[in-house]
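First up is the structure itself, then whatever we jot down about it.
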Amino acid sequence: MALIVQKYGGSSVADAESIKRVARRIIETQKKGNDVVVVVSAMGDTTDELIDQALSIDSNPPAREMDMLMTAGERISMSLLAMAIHAQGEKAHSFTGSQAGFMTDTQYGAAHIRAVKPDRVKAAIGNGEIAIVAGFQGVNSRGDATTLGRGGSDTSAVALAVALGADVCEIYTDVDGVFTADPRIVPTAQRIESITYDAILEMAASGSKVLALRCVEYARRFQMPIHVRSSFSKRKGTIVLGTYADLDSIPNRD
Ligand code: ADP
Ligand code: ASP
Ligand code: MG
C-alpha cells in the first residue's frame, strides 16, 4: 500500500465531463489499495479569465485583492471534484490551501511556502476519505490568501507529498510525460522514460517547461520522486528523480 499524491492540471479538469473522468481515475487508484491525496488546479483557463476580469475593472489592482480573486479558481475545481467523487459513491473532502496547512510568506502573487502542516489532510486519510486540496494557494501570517506564482499547483503537490511522506507525486497533464522538446511545437519530440531533477532544470532553463521550476527545485531538495503522465491516457509517463537506481521503488507505474 502506497501513499500517492496526484495533481491534476487545468487542462485535465476543464469541464464537468473531465472532472468526472478524473474522479474515476482517482477512485481507481484508491481501489488498487493506495491512499490518495489530490491537488487540483483551476478549471481550464479560469485563472487567465479571472486576471482579465480584474484588469477590466482596475488596470493596477492591489496584489492582495488579486490573490483573493485568483484563489477562487481552485476553490471551484476542488469542490466540484469532491462532488464528482461523492457522486461515484466514494468519500472525499476538499480543503483550501489554508485548511490544508500551506503557510507562506506575504509576497502576494509569488509567495514562498514556509511550512506545510497538513493535519486535516492526514485526518481525512485516516477516515478513509480522498482529500482534495486546492493547488496554487496558501495563507500568510496575516491570515490572508496568497498564491504561489503561475503554474504553482505543481509546487503545492510536491510540497504536500513531502509533508505527508508520500511515496510518489504524480503530475497529470495533457501530454504523456516529459519530452525532448515541447511536443505541441516539435512533433518529432520523444518522450523521456526517466530524467534527473538536474537535467529537467536544465531543460527548463532553455525554455522547455512542463513542470513549474520551483516544483522541481522543491522535489530535488527533498528527493521526492515525480511521475509526469497524461490524465487522458493510461500510457507510461516520465519519472523525475535524483538517481536512476531508485526507479523500481516508484509505485503505481502501470
Ligand atoms: P497543466 O494544465 O496540466 O498544468 P501545462 O500547460 O502547465 O499543463 O503543462 C503541459 C504543457 O507543457 C504541454 O501541453 C506541453 O505543450 C508543454 N511542454 C513544454 N515543454 C514540454 C516538454 N519538454 N515536454 C512535455 N510538455 C512540454
Ligand atoms: N491555476 C494556476 C495557474 O493557472 C495554477 C496552476 O494551474 O498550476 O497558473
Ligand atoms: Mg502547469
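Please read these numbers as outputs of a predicted model, since none were measured by experiment. Below, each value reflects all heavy atoms present in this structure, side chains not excepted, and no hydrogens, waters or symmetry copies. Atoms within each ligand, like the ligands themselves, are counted from 1 in listed order.
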Query - Under-4.0 Å heavy-atom contact with ligand 1, by part of Val175 that carries it - result: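 For Val175, the contact with ligand 1 is made by the side chain alone.
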
Query - Residues Thr147 and Asp67: side-chain donor-acceptor under 3.5 angstrom - result: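 Side-chain D/A pair, Thr147 to Asp67: present.
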
In terms of residue, atom name and distance, what is the protein heavy atom nearest to [atom]?
| atom | answer |
| --- | --- |
| atom 4 (O) of ligand 1 | Lys7 NZ, 3.3 Å |
| atom 19 (C) of ligand 1 | Lys209 O, 3.1 Å |
| atom 23 (N) of ligand 1 | Ser208 OG, 2.8 Å |

Requested in this report: Could you list the atoms of ligand 1 found under 4.0 angstrom from a heavy atom of Gly177?
Outcome: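 Reading through ligand 1 atom by atom, the close ones are 24 (N), 25 (C).
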
Query - Numbering as shown, the atoms of ligand 1 that approach Pro183 to under 4.0 Å (heavy-atom distance) - result: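 Answer for ligand 1: 24 (N), 25 (C), 26 (N), 27 (C).
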
Requested in this report: Please test Thr146 against Thr104 for side-chain hydrogen bond (donor to acceptor under 3.5 Å, both in side chains), starting from the C-alpha separation and ending with a verdict.
Outcome: CA-CA 7 Å; Thr146 53; Thr104 73; 2.8 Å; yes

Query raised in the report: Any idea how Phe222 and Tyr218 line up, ring-wise: parallel (<30°), tilted (30 to 60°), or perpendicular (>60°)?
Result: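 Correct class here is tilted.
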
Query raised in the report: More than 12 non-hydrogen atoms from neighbouring residues, nucleotides or ligands closer than 6.0 Å to CE on Met68, yes or no?
Result: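 Not buried by this count: 12 neighbours or fewer within 6.0 Å.
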
Query - Is_contact(atom 6 (O) of ligand 1), protein non-hydrogen, under 4.0 Å - result: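 No, there is none.
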
Requested in this report: Please work out which of Val210, Ile185, Leu211 has its closest non-hydrogen atom nearest to atom 9 (O) of ligand 1.
Outcome: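 The option holding the nearest heavy atom is Val210.
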
Query raised in the report: So, Asp176 and Arg191, do they make that salt bridge, N to O below 4.0 Å?
Result: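 Result for this pair is no, no salt bridge flagged.
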
Filter the ligand 2-protein atom pairs down to N or O on both sides and distance under 3.5 Å, then list them.
| from | atom 1 | to | atom 2 | distance (Å) |
| --- | --- | --- | --- | --- |
| ligand 2 | 1 (N) | Thr47 | OG1 | 2.8 |
| ligand 2 | 1 (N) | Glu74 | OE2 | 2.7 |
| ligand 2 | 4 (O) | Thr47 | OG1 | 3.4 |
| ligand 2 | 4 (O) | Arg150 | NH2 | 2.9 |
| ligand 2 | 7 (O) | Ser41 | OG | 3.2 |
| ligand 2 | 8 (O) | Gly151 | O | 3.4 |
| ligand 2 | 8 (O) | Gly152 | N | 3.4 |
| ligand 2 | 8 (O) | Ser153 | N | 3.0 |
| ligand 2 | 8 (O) | Ser153 | OG | 3.2 |
| ligand 2 | 9 (O) | Arg150 | NE | 2.7 |
| ligand 2 | 9 (O) | Gly151 | N | 2.9 |

Query - Cationic tip of Arg21 above Phe232 ring, under 6.0 Å, 45° of axis - result: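 Geometry flag: set, cation within 6.0 Å and 45°.
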
**Report entry** N/O separation below 3.5 Å, Phe179 to ligand 1
**Finding:**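 Yes.
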
**Report entry** ligand 1 to Asp154 polar contact by distance, N or O atoms, under 3.5 Å
**Finding:**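 Asp154 vs ligand 1: no N/O contact under 3.5 Å.
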
